[in-house]
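One structure is given below, encoded as structure tokens.
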Amino acid sequence: MYGLTPFERNSYNLFNAFHDFEKDFFNNHFPAESCKTDIKEEDGRYVVEAELPGFEKDDINIDINGNTLTISAENSVTNEEKSDGGKYIRRERSYGAYSRSFDISNIDAEHIDAEYKNGVLILNLPKKDKVIPATRRLEIK
């Protein structure tokens, strides 16, 4: 009798089926779920490449607060299909948001620049010049 049921009587398989459904559903509608960030160190700077597919340049914010740089992006999409009579056949709405923060305590924050092309945000983060502490000799009184 149990062989005729579509799922085995094992909770692991039921949860996997739900997890796969949830993963497929949200990954198809929320581009923020797939955002990846790469950080490269180059001579005198770091380069951050953040994938933000589906976002427009105006949807992206880069904020600096103290020693923290935050990249955030937010968008919403509405797809509508109507019949000839103006009634909805299908109407779907989706919303995506993404936020990521980085410590920039060793970065020259005044000279950071950003570029967005082909769904990739590229940040150039110049390193602060190394400060060599001054040495001196104290006189004992």
Checklist entry - Would L123 and V47 count as a side chain to side chain contact (heavy atoms under 4.5 Å, CB included) if you check the C-alpha gap in whole Å, the side-chain angles of each, and the deciding distance to 0.1 Å? => result CA-CA 6 Å; L123 296 172; V47 177; over 6 Å; no
Next on the checklist: Run Y46 and I104 through side chain to side chain contact (heavy atoms under 4.5 Å, CB included) and show every step you take.
Outcome noted: CA-CA 10 Å; Y46 294 100; I104 58 168; over 6 Å; no
Checklist entry - How far does CD of E49 sit from CG of D38, to the nearest 0.5 angstrom? => result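 With rounding to 0.5 Å, CD (E49) is 6.0 Å from CG (D38).
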Checklist entry - How many angstroms lie between atom CG of L121 and atom OH of Y98, to the nearest 0.5 angstrom? => result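 Between L121 CG and Y98 OH, I get 9.0 Å after rounding to 0.5 Å.
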Next on the checklist: Test: side-chain hydrogen bond (donor to acceptor under 3.5 Å, both in side chains). Region: residues 113-122. Which pairs qualify, not counting sequence neighbours?
Outcome noted: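 Every pair satisfying side-chain hydrogen bond (donor to acceptor under 3.5 Å, both in side chains) with a residue in residues 113-122: D113-N124.
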Item to check | Shortest non-hydrogen separation from R45 to P126 and the atoms involved | outcome: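 Scanning both residues completely, I find the closest heavy atoms to be CB-CA, 3.9 Å.
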Item to check | E110 atom CD, neighbour heavy-atom count above 12 within 6.0 Å | outcome: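 Not buried by this count: 12 neighbours or fewer within 6.0 Å.
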Next on the checklist: For I71 and T37: C-alpha separation, side-chain torsions, deciding distance, then whether side chain to side chain contact (heavy atoms under 4.5 Å, CB included) applies.
Outcome noted: CA-CA 11 Å; I71 300 169; T37 303; 5.8 Å; no
Next on the checklist: Using only atom types and a distance under 3.5 Å, with no angle test, would you say the side chain of D108 pairs donor to acceptor with the backbone of L125?
Outcome noted: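 Side chain of D108 to backbone of L125: no pair is present.
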Side-chain atoms of residues 55-70: list all donor-acceptor pairs with protein atoms under 3.5 Å, sequence neighbours left out, distances to 0.1 Å.
| unit_1 | atom_1 | unit_2 | atom_2 | d |
| --- | --- | --- | --- | --- |
| D59 | OD2 | E56 | N | 3.0 |
| T70 | OG1 | S101 | OG | 2.9 |

Please set out all donor-acceptor pairs under 3.5 angstrom arising from side-chain atoms of residues 127-137, sequence neighbours excluded.
| unit_1 | atom_1 | unit_2 | atom_2 | d |
| --- | --- | --- | --- | --- |
| K127 | NZ | E41 | OE2 | 2.3 |
| K128 | NZ | S105 | O | 3.3 |

Item to check | Close side-chain approach of I112 and I107, heavy atoms under 4.5 Å | outcome: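 Yes, their side chains come closer than 4.5 Å.
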